[in-house]
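Only one structure is covered here, and it is reproduced in the block below.
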Number of protein chains: 4
Amino acid sequence: MQELEVETVADADLTNPVFVEGLPGVGHVGKLVAEHVVEEGESTLVRRVYSEHFPPQVTVGDEGVAELAHVEVHAVETEGRDLLVLTGDHQAQENAGHYRVTDAFLDIAEEFGVSDVFALGGVPTGELIEEYGVVGAVSDEALAADLEEAGVEFRSEEPAGGIVGTSGLLLGLGGRRGFDAACLMGETSGYLVDPKSAKAVLEVLESLLGFDVDFDALDERADEMEDVVEQMQQMEQGPSPGSEDDLRYIG
Amino acid sequence: MQELEVETVADADLTNPVFVEGLPGVGHVGKLVAEHVVEEGESTLVRRVYSEHFPPQVTVGDEGVAELAHVEVHAVETEGRDLLVLTGDHQAQENAGHYRVTDAFLDIAEEFGVSDVFALGGVPTGELIEEYGVVGAVSDEALAADLEEAGVEFRSEEPAGGIVGTSGLLLGLGGRRGFDAACLMGETSGYLVDPKSAKAVLEVLESLLGFDVDFDALDERADEMEDVVEQMQQMEQGPSPGSEDDLRYIG
Amino acid sequence: MQELEVETVADADLTNPVFVEGLPGVGHVGKLVAEHVVEEGESTLVRRVYSEHFPPQVTVGDEGVAELAHVEVHAVETEGRDLLVLTGDHQAQENAGHYRVTDAFLDIAEEFGVSDVFALGGVPTGELIEEYGVVGAVSDEALAADLEEAGVEFRSEEPAGGIVGTSGLLLGLGGRRGFDAACLMGETSGYLVDPKSAKAVLEVLESLLGFDVDFDALDERADEMEDVVEQMQQMEQGPSPGSEDDLRYIG
Amino acid sequence: MQELEVETVADADLTNPVFVEGLPGVGHVGKLVAEHVVEEGESTLVRRVYSEHFPPQVTVGDEGVAELAHVEVHAVETEGRDLLVLTGDHQAQENAGHYRVTDAFLDIAEEFGVSDVFALGGVPTGELIEEYGVVGAVSDEALAADLEEAGVEFRSEEPAGGIVGTSGLLLGLGGRRGFDAACLMGETSGYLVDPKSAKAVLEVLESLLGFDVDFDALDERADEMEDVVEQMQQMEQGPSPGSEDDLRYIG
């Protein structure tokens, strides 16, 4: 195998599509959005990307069939802008690997005539969230106005630690290669997989790109997570209600 | 030395051989099977593979003679299908290394006209085992039926963490290169070297490939391990039976 | 992206400039000096260096604009020798990366006709400092006399652990390439960002190169840090003076 | 800088020299021997080897002069066989680095017409030593007899963990390239720098190669270490002699 292999699974005739990335990360927010759009929308798997920068690993599926570590690009036709959605279970595992894999993703975007890139993710707040804000970062100042109109907040020098991994490099390398790239980060506690944060990000994306997918599956997962959180909170309050000695951090 | 060096030790004229891998891993199950087949069968060492992806190390043998880290491929002629058995003491130690070393193994398989690959290993259950099941994964759905007939169980999305290292990549890369690849994983506690699990895997392999090797050596090692486990259990029960203070986890 | 990319932002016509490096390190001493000189002096950003050896990361600036990890070279014209100042938020993250990135920095120095290199940093003493000494190391014995005259101390075999990272390699690789390279290390506790140590280093540098920048901003930061240290010391003395139970290490 | 750079410092006209390696390792035994031979013998520094596989670091010497991480090869003329002695403060820091650096050392050996390689080191016993044995390993069984005659012990499959790093690869790679390579490992507790173990190894080496260097410096260092050990033992026995409660492991 080569360092990077892009497998053409199908072709798709998209009109001025937008590249949307949702790989594993904080609260799995980006991955939840990307997978939801692929599942609910009219989507075609168009590319698989394999790389020796991914873990040396297969995952085992429904019938015991093993699949080599890879990420996938799906073409999704919508009533608004068409989408080219990158998702999967892996990120690269070393510095140079991240740079090279992200460059390959941008090559695919270029091949499909993409000029706009959205990297989706979560921003950890460290506390349970009531109102799910969406924080933005852009490769070019001129991109901020449209995003702000769609409800995205821009906070000076946030996130403080920068944006790491594929999402960060899609902005950084993407911007240098001439793409208009933005990162949408849903606020999330950072402790749990967070479908509510994913919904907040998806709503912004829909508003920006003029498409519309059913939220039911995401709402269901959010309800399940609510139940989990409630159970955890009850466990924290302990057998004798009123005792507060037992309040512990939700890790 | 090159990144990878395949040394030809001998040649062998095998008819439609099967590639069988048993490198170190969970419970050393795969390695035990592979070494047992090489020792009991009519085998010839045909290739040594050296790589800078292996540890920078020599092992010291019987007469103080040092051998550079490598793995070995043995040709084994049987009354059933001939075997090409990969075994040794090392796996690669980084992502890219795993990919490159496994590709080299598949090159050797190809050179000998192999189309079927079996990667052998263990699947950890976390508890001592009574009945040693063998769990399977395949590069292609069509391969499952024959394996199931031989007693292999297929469990949806198991092992949950996927299959890592050479075994995983023999399926993943092997499948992509057109090999029919399967992984046979003996259930094992995961705490100890497990010759019983190895025997269960070997029985499946024999049934699939129509060969037959003496089990005595493996049974002996299994008996030795039984003694070890018994001693550990007695130590756990402590000098004064009835006292339960001393129950400890078998690590 | 290539392994290393040097972006030309502007050109500058410097006369026999001196290369000055201040990247993150012990007490951020080098970085404080370099940034102070760039901010207070008449400076032009001339080069950006990107590399896959830097973290796969963007930082988010004032308007939510993301910048790919990089370091910067600024041309600073002074009444003394002109300066070419390297600063930024990143160092390479692996052995080979450090060597390759530092070689690229020296290429830039060469391009600007530099023959003298100053690597700035801190040397940790493990205790709070009263008098901020500046310790030196040089690529060539002949360079020591001028530095000693400017107040730099040379201590045999110090720092004991050598000088690591870009500063060390600017001496090591720089010396081998024919540069006259020196490292100026301000004594610092090692526990805190240390503007006072930075001031001590800057004074030496000014004396050596005959330039003069306003110290106000650095003094202000030093005063802020003084306040922080005082508060920490008061906290250590606890609410009831005399109690020594609460004495803790300043980490 | 290239991945590996061999700098010619001087040439030497040696007759059928033996390559002797003593880099940092267990008890610094190999390094002590190599440095002692270089210091006491009639030696010339002939090569420096730099590599991006060494740490990105300079060491600071007597006059504050920095030296880039490297190892050195010295030609030593003796009344017996001439020596080519490799010593220094660094080993490579990654798998592939170890292989590549060791291959470069063997290239130098080849250049000087060497056919015999001795890798020197220590073998940890975990306890304080009375009689310092020297354990051997060889690239070829035929080499053992001469070594045994000189007092080297060969113990089947020892050291159990193999021999790692440059010493191991000089045997492993050296053997594959046609050198007659042996490793001499002085028994040492493994807790302390061990000049006594070094002396034991040096005596074997002298007997094998027919040369003779003054032991005084090594004996002095051994006496110093004796004092250190005695002090440690007294500290262990505590203020009240006779009490044995306080005997603790020397870590």
Side-chain angles (χ1 to χ4, degrees), chain A residues 3 23 53 91-104 106-107 117 119 121 123 134-145 147-148 152-177 179-185, chain C residues 1-10 23-24 28 31 35 39 45-73 87-105 164-166 169 193 221:
Chain A
E3 186 186 3
L23 291 178
H53 298 295
Q91 295 230 7
Q93 299 202 313
E94 290 175 44
N95 280 9
H98 270 296
Y99 279 88
R100 293 178 192 182
V101 162
T102 305
D103 250 342
L106 291 168
D107 289 345
V117 170
V123 59
V134 175
V135 178
V138 287
S139 63
D140 189 302
E141 209 178 326
L143 303 171
L147 296 180
E148 274 178 318
V152 177
E153 297 168 47
F154 286 86
R155 300 175 187 163
S156 186
E157 302 185 22
E158 278 201 26
I163 305 170
V164 296
T166 303
S167 290
L169 290 186
L170 283 171
L171 261 77
L173 291 175
R176 292 196 72 219
R177 285 176 62 166
F179 290 91
D180 287 336
C183 187
L184 304 179
M185 293 162 278
Chain C
M1 204 177 83
Q2 304 301 306
E3 186 186 1
L4 274 157
E5 281 188 16
V6 178
E7 187 187 315
T8 297
V9 182
L23 292 177
H28 276 220
K31 183 169 146 70
E35 286 181 350
E39 276 158 30
L45 172 61
V46 291
R47 296 288 184 277
R48 282 196 194 94
V49 182
Y50 299 89
S51 173
E52 63 180 27
H53 298 295
F54 292 144
Q57 188 179 341
V58 290
T59 49
V60 179
D62 266 3
E63 313 290 327
V65 178
E67 281 199 291
L68 183 58
H70 68 280
V71 296
E72 298 183 343
V73 179
T87 190
D89 294 325
H90 305 285
Q91 294 231 8
Q93 300 202 314
E94 289 175 45
N95 280 9
H98 270 296
Y99 280 89
R100 293 177 193 182
V101 162
T102 305
D103 250 342
F105 300 154
V164 296
T166 302
L169 291 186
V193 171
R221 288 193 72 163

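Since this is a predicted model, take the numbers as computed values, not measurements. We name chains A, B, ... by the order of the sequence lines, and we start the count at 1 in each one.
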Shortest non-hydrogen contact from C:Val65 toward A:Ser139:
CG1-O, 4.1 Å
Could you tell me which of A:Ser156, A:Gly136, A:Gly162 has the largest number of non-hydrogen atom pairs under 4.5 Å with chain C?
A:Ser156
Examine whether an atom of A:Glu94 lies under 4.5 Å from a heavy atom of chain C, and if so say whether it belongs to the side chain, the backbone or both; otherwise answer neither.
side chain
Kindly say whether C:Pro55 contributes a backbone atom to a donor-acceptor pair with the side chain of A:Tyr99 at under 3.5 angstrom?
yes
Chain A contact via C:Phe54 - which portion, at a heavy-atom distance below 4.5 Å
both
Pick one of side chain, backbone, both or neither for C:Glu3, based on which atoms fall under 4.5 Å of a heavy atom in chain A.
neither
Hey, are the side chains of A:Leu173 and C:Leu68 touching, using non-hydrogen atoms and a 4.5 Å cut-off?
yes
Taken to the nearest 0.5 Å, the spacing of C:Asp62 CG from A:Arg155 CZ works out to 15.5 Å
Give the minimum heavy-atom separation between C:Glu52 and A:Asn95, together with the two atoms involved.
O-CB, 3.4 Å
Turns out that what part of A:Arg177 lies under 4.5 Å from chain C's heavy atoms comes down to neither
What's the separation between atom CD in C:Glu63 and atom CG in A:Asp140, rounded to the nearest 0.5 Å?
12.0 Å
Residue pair C:Val60 / A:Glu157, side-chain heavy-atom distance below 4.5 Å:
no
Measuring from A:Ile163:CD1 to C:Gln57:CD, what's the distance to the nearest 0.5 Å?
9.5 Å
Rounded to the nearest 0.5 angstrom, the CD-CZ distance for C:Glu67 and A:Arg176 is 11.0 Å
If you draw a 6.0 Å radius around CD in A:Glu141, do more than 12 non-hydrogen atoms from other residues or ligands fall strictly inside?
no
Rounded to the nearest 0.5 Å, how far apart are CG of A:Leu169 and CE of C:Met1?
8.5 Å
